[in-house]
**Q** 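Below is a structure I'd like to ask you about.
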Amino acid sequence: MPEKFLRPYDSTATESRIYTAWEESGLFNPDECVAQGVTRADAPSYSVVLPPPNVTGRLHMGHALMLAVEDIFIRYKRMKGFRTLWLPGTDHAAIATQSVVEKQIKKEEGLSRHDLGRDELLKRIETFAHESHDTIIGQLKTMGASLDWSREAFTLDETRSRAVRTVFKQMSDAGLIYRGLRIVNWDPKGQTTISDDEIVYEERTAKLYTFRYSKDFPIPVATTRPETKVGDVGVAVHPDDARYKEFVGKEYDAVFCDVPIHIKIVADAEVDPAFGTGAVGLTPAHSRVDWEIADRHDLSHEVIIINEYAKMTVAGRLEGKKTSEARETVVEWLTSEGLLEKEENIVQNVATAERTGGIVEPLPKLQWWIDVNKPVPGREKTLKELVIEAVRSNAITIIPEYFEKTYFHWVENLRDWCISRQIWYGHRIPVWYRGEEAVVGEAPEGEGWVQDEDTLDTWFSSGLWTFSTLGWPENTKDFQTYHPTDLLETGYDILPFWVMRMILMTEFTLGTIPFKTVYLHGLVRDASGRKMSKSLGNNMDPLDVTAKFGADAARMALVVGNTPGTDMRMSEEKIKGYSRFANKLWNIARFVLDSANGADLSTELTAGDAELLSALQTLSRDVSTDIDEYRIYMAAEKIYHYAWHELADKILEESKPILSGSDTAARASRQALLVTLLDRTLRLLHPFMPFVTEEIWQSMPTKDAKFLMVARWPDAV
RNA sequence: GCGCGGUUAGCUCAGUUGGUAGAGCAACCCGUUUACACCGGGUAGGUCGCAGGUUCGAGUCCUGCACCGCGCACCA
């Protein structure tokens with residue numbers, strides 16, 4: 001027995017040494033597995049592309065969970081003999097990264113992005129992104145992730161940029177990308193457009209004011225934003241509202257807080273007669289709903305009264321005021337004119353920008369959009385329909401299944417996707433202008449071309465992730481071998497943002513699905529069930545816990561009993577429990593290797609021993625089924641239970657008298673049995689606790705491959 | 001408003017197609033010249049949210065309700 005077993009298991013020293021050995025072996029790379037003869041050249045492939053972490057800093061426990069789950073499937077399939085690829089990468093995360101760096105520069109140097117200029121800011125962001133990247137890669141390795149580093153990708157590197165330009169051009173040629181003036185979500189703080197899903201609604205109390213535009217205006221109108229009323233061009237009432245029927249079609253002029261306005265009364269079914277006074281003041285340029293109603297009644301969109309800095313652009317007493325100040329001014333004016341009829345408190349949801357916290361100001365802007373309701377040429381279906389069908393047809397399976405309902409609910413509410421952003425970090429829109437000419441795709445030859453100033457929504461490039469990482473648009477060997485990928489594993493919170501968009505982009509570009517199965521994990525919460533966050537100070541750093549208890553223990557704690565789609569609670573106690581298990585396993589090995597020293601493994605087993613072996617074979621099949629059916633939470637628990645409470649507590653204990661007894665046949669049988677049981681247990685446990693199992697296996701007399709990582713799975717032995 | 005999930009032992013959670021309720025932690029009792037004290041053996045603890053229904057049989061299927069959590073939409 002090697003001397004190392006005389007000391008307790010030391011995860012810290014072992015884990016980094018083992019990872020380095022794996023990495024140096026090259027066996028994370030499936031080509032190398034074939035070259036070294038551990039995978040058959042004609043083996044079926046199994047591929048997973050890592051959801052690229054944002055280069056905004058460090059990984060959190062959610063990432064650790066993601067890595068544990070994916071690595072389990074990957075290691076299992078690799079041991080099963082599949083040509084297994086797990087491809088790593090990082091995401092430039094455009095707005096998230098830029099706003100982190102901008103905040104940092106503002107804090108340390110007091111400078112804004114406009115003080116620095118585009119080139120200098122980008123340089124700073126790239127430096128930051130580079131450092132984040134290195135930190136993150138180190139963390140991925142610490143967790144034991146068996147990723148093929150030779151294929152690492154970045155959403156903003158040259159290959160991925162080319163994929164972005166190519167898809168943009170194809171979509172544009174297909175008539176699905178258009179540039180249009182529409183109401184966007186404008187973030188005055190970040191000075192950019194944001195998409196619907198970058199909005200966070202905050203519940204606040206607000207005042208609902210009921211007023212008239214002038215003394216002779218026939219209908220009182222309710223609003224929470226009196227300052228916008230200087231931009232009104234109409235009033236809408238419900239067509240069946242008896243109170244106002246007689247006024248529909250009439251037009252009125254007024255001077256509202258120094259601003260001349262012209263109001264037409266229209267009837268529109270979208271108005272809720274029960275809310276406020278049942279009459280809506282229409283401000284088409286500053287409300288998406290008003291814009292749509294105005295469209296239906298030929299009212300002007302062009303009365304713009306608020307600018308990108310959320311300041312008033314009208315003449316008179318409101319000129320240049322912030323919207324919040326203008327609101328007070330208008331209310332004072334209404335009061336002094338006797339036009340204010342009522343003031344009540346209501347609760348409303350205020351739209352704020354996720355990244356900056358700025359209050360979203362709806363503004364009409366010329367932006368790039370993807371049309372989700374237009375038939376895709378050659379497919380006779382819209383993007384929206386294709387995205388629904390991929391899941392409805394069961395081409396893609398979502399786990400847990402009930403999330404399919406959430407998915408459909410979400411997609412059915414999908415509107416055209418605004419893909420342009422007014423930030424600097426990211427893929428620049430691949431459109432070049434010269435006078436009236438415009439070129440889409442690759443930069444044109446010749447003088448005088450100017451590229452579009454805007455960048456693309458970060459989800460545009462991550463939407464291509466499953467195939468851009470495999471070298472597309474080149475028809476590479478990797479692309480042919482590994483696409484569509486087998487599994488996408490991610491948090492349920494980005495099902496709509498990312499998962500749906502990958503399906504959309506892949507259906508359009510390749511006419512196929514990006515992955516066959518979506519496995520959604522839940523949130524990792526703290527011990528009392530709160531979300532982990534910087535502001536609460538309850539963050540758990542994966543590096544700290546792995547340093548303390550080992551990655552094996554952290555992985556088990558994250559996986560055992562954690563069903564997909566369900567949030568879990570994490571605590572150091574829990575992880576500590578599994579570090580005890582690693583040590584238990586270590587001592588099982590110590591006992592077995594010590595007492596079976598020199599055992600003849602070809603000894604015929606006694607009937608009783610053969611039964612014990614067959615019980616473990618049954619367990620192996622059980623565990624395989626559990627993993628195949630995505631119940632890794634159960635598989636992990638079963639092996640844990642077997643190793644500790646069956647193998648250690650029962651079998652090892654009852655072996656003691658046999659091993660010291662005088663029946664030599666029984667003893668020889670038992671020695672062989674114990675070695676075999678330990679060997680199988682290590683194989684079964686390897687995907688879950690890769691380090692300690694590998695370290696023990698290196699001392700096993702049954703060792704039949706260079707690493708346990710590429711040894712055969714028990715039901716295939 | 002539309003939709004999703006949860007409610008099982010003191011705590012955290014499993015329970016795969018309906019067939020006598022499980023694990024971990026905590027508690028309590030016993031054990032220690034030993035592979036491991038990062039241990040072993042044992043005990044106690046549940047009307048499976050409530051009310052109906054289907055069934056020979058329901059934690060599991062159906063209907064309704066309550067409470068908790070979440071998503072989307074609206075928010076004039």
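Owing to the predicted nature of the structure, the values given are computational and were not obtained by experimental measurement. Note on naming: letters A, B, ... go to the chains in the order of the sequence lines (proteins, then strands), and numbering restarts at 1 for each one.
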**Q** Tell me whether the OP1 or OP2 atom of B/G15 has a side-chain N or O from A/Tyr633 closer than 4.0 Å.
**A**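 Indeed, a polar side-chain atom of A/Tyr633 lies that close.
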**Q** Could you check how far OH of A/Tyr201 sits from C1' of B/C70, rounded to whole Å?
**A**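 Checked: the OH to C1' distance equals 16 Å.
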**Q** Does A/Trp410 make a side-chain N or O approach to OP1 or OP2 of B/G3 shorter than 4.0 Å?
**A**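 It does not, given that no N or O in the side chain of A/Trp410 lies less than 4.0 Å from OP1 or OP2 of B/G3.
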**Q** Below the 4.0 Å mark, does B/G40 have OP1 or OP2 next to a side-chain nitrogen or oxygen of A/His645?
**A** no
**Q** Does B/A26 have a Watson-Crick or wobble partner in any strand here, with both distances under 3.5 angstrom, and which is it?
**A**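 Check on B/A26: unpaired, no WC or wobble geometry under 3.5 Å.
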**Q** Hunt down the Watson-Crick or G-U wobble partner of B/U16, both distances under 3.5 Å, from any strand shown, or write none.
**A**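 When the pairing criteria are applied, nothing turns out to pair with B/U16, so the answer is none.
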**Q** Do the numbers put A/Arg392 on top of the ring of A/Phe408, so that NZ or CZ is under 6.0 Å from the six-membered ring centre and no more than 45° off the axis?
**A**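 Yes, a cation-pi geometry holds between A/Arg392 and A/Phe408.
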**Q** Going by purine N1 to pyrimidine N3 plus the second Watson-Crick contact, or the G-U wobble pair, all under 3.5 Å, which nucleotide sits opposite B/U54?
**A** none
**Q** Looking at B/C36, I'd like to know if its phosphate oxygens (OP1 or OP2) sit under 4.0 Å from a side-chain N or O belonging to A/Arg580.
**A**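 False: A/Arg580 side-chain N/O out of range (4.0 Å or more) of B/C36 OP1/OP2.
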**Q** May I have the distance from A/Lys405 (atom NZ) to B/C4 (atom C1'), rounded to whole angstrom?
**A** 8 Å
**Q** For the pair made of CZ in A/Arg569 and P in B/A26, what is the distance, rounded to whole Å?
**A** 18 Å
**Q** May I ask you to establish whether A/Arg182 and A/Trp369 are in a cation-pi arrangement, using a distance under 6.0 Å from NZ or CZ to the six-membered ring centre and at most 45° from the ring axis?
**A**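 Satisfied, under 6.0 Å and within 45°.
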**Q** Could you check how far CD of A/Glu270 sits from C1' of B/G1, rounded to whole Å?
**A** 14 Å
**Q** Counting only Watson-Crick pairs (N1-N3 plus N6-O4 or O6-N4) and G-U wobbles (N1-O2, O6-N3), all under 3.5 Å, who is the partner of B/U47?
**A**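 Base partner found: none.
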**Q** Quick one: is A/Lys656 getting a side-chain N or O under 4.0 Å of the B/A35 phosphate, OP1 or OP2?
**A** yes
**Q** Between A/Lys650 and A/Glu653 (salt bridge meaning N to carboxylate O under 4.0 Å), is one present in this structure?
**A**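 Result for this pair is no, no salt bridge flagged.
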**Q** Between B/C56 and B/G24, how far apart are the two C1' atoms, rounded to whole Å?
**A** 36 Å
**Q** Kindly say if A/Thr563 contacts the phosphate of B/A14, meaning a side-chain N or O under 4.0 Å from OP1 or OP2.
**A**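 Yes, because at least one side-chain N or O of A/Thr563 sits under 4.0 Å from OP1 or OP2 of B/A14.
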**Q** Can you tell which of B/C2, B/A14, B/C38 lies closest to the side chain of A/Pro8?
**A** B/C38
**Q** From the list B/C2, B/U16, B/C74, which nucleotide is the closest neighbour of the side chain of A/Asn349?
**A** B/C74
**Q** I'd like to know if A/Glu653 reaches the base of B/A35 with its side chain, counting only an N/O donor and acceptor under 3.5 Å.
**A** yes
**Q** Between A/Arg296 and A/Asp268, does any side-chain N to carboxylate O distance fall below 4.0 Å?
**A** yes
**Q** Report the distance from atom CG of A/Asn562 to atom C1' of B/G5, rounded to the nearest whole Å.
**A**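 A/Asn562 atom CG is separated from B/G5 atom C1' by 15 Å.
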**Q** Between A/Ile199 and A/Ala648, just flag the one whose closest nucleotide in RNA chain B comes earlier from the 5' side.
**A** A/Ala648
**Q** Heavy-atom count check: over 12 atoms from other residues, nucleotides or ligands less than 6.0 Å from A/Glu251 CD?
**A**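 Yes, CD of A/Glu251 has more than 12 neighbouring heavy atoms, counting only those of other groups under 6.0 Å.
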**Q** Nearest-Å distance, CG (A/Asn413) to C1' (B/C4)?
**A**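 Roughly 14 Å, once rounded to whole Å.
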**Q** Give a yes/no on whether any side-chain N or O of A/Lys574 is located under 4.0 angstrom from OP1 or OP2 of B/A26.
**A** no
**Q** Once you round it to whole Å, what is the distance between C1' of B/G40 and CZ of A/Phe591?
**A**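 Roughly 14 Å, once rounded to whole Å.
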**Q** Taking a pair as Watson-Crick or G-U wobble with both distances under 3.5 Å, which nucleotide is matched to B/A35?
**A**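 Result: none.
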**Q** In whole Å, I'd like the distance from the OH atom of A/Tyr402 to the C1' atom of B/U16.
**A** 15 Å
**Q** Looking only at atom types and distance, does a side-chain atom of A/Asp241 sit under 3.5 Å from a main-chain N or O of A/Pro273, one as donor and one as acceptor?
**A** no
**Q** Side-chain N or O of A/Arg631 versus OP1/OP2 of B/U16: is the shortest distance under 4.0 Å?
**A**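 No, outside the criterion.
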**Q** Under a 3.5 Å distance rule, please check whether A/Lys229 uses its side chain to pair with a backbone N or O of A/Phe211 as donor and acceptor.
**A**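 Checking the backbone N and O of A/Phe211 against the side chain of A/Lys229, no donor-acceptor pair under 3.5 Å is found.
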**Q** Please give the nucleotide sitting opposite B/G5 as a Watson-Crick or G-U wobble pair, both distances under 3.5 Å, or none.
**A**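 Across any shown strand, B/G5 pairs with B/C68.
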**Q** Of the listed nucleotides (B/C36, B/C75, B/G3), which one gets closest to any side-chain atom of A/Asn583?
**A** B/C36
**Q** For A/Gly565 and for A/Gln348, find the nucleotide of RNA chain B with the closest heavy atom, then tell me which residue's nucleotide is more 5'.
**A**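 First, find each residue's nearest nucleotide; the 5'-ward one identifies A/Gly565.
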**Q** What's the closest nucleotide to the side chain of A/Asp649 if the choices are B/C75, B/U16, B/G40?
**A** B/G40
**Q** If pairing requires Watson-Crick or G-U wobble contacts with both distances under 3.5 Å, which nucleotide is the partner of B/G59?
**A**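 With both distances under 3.5 Å required, B/G59 matches none.
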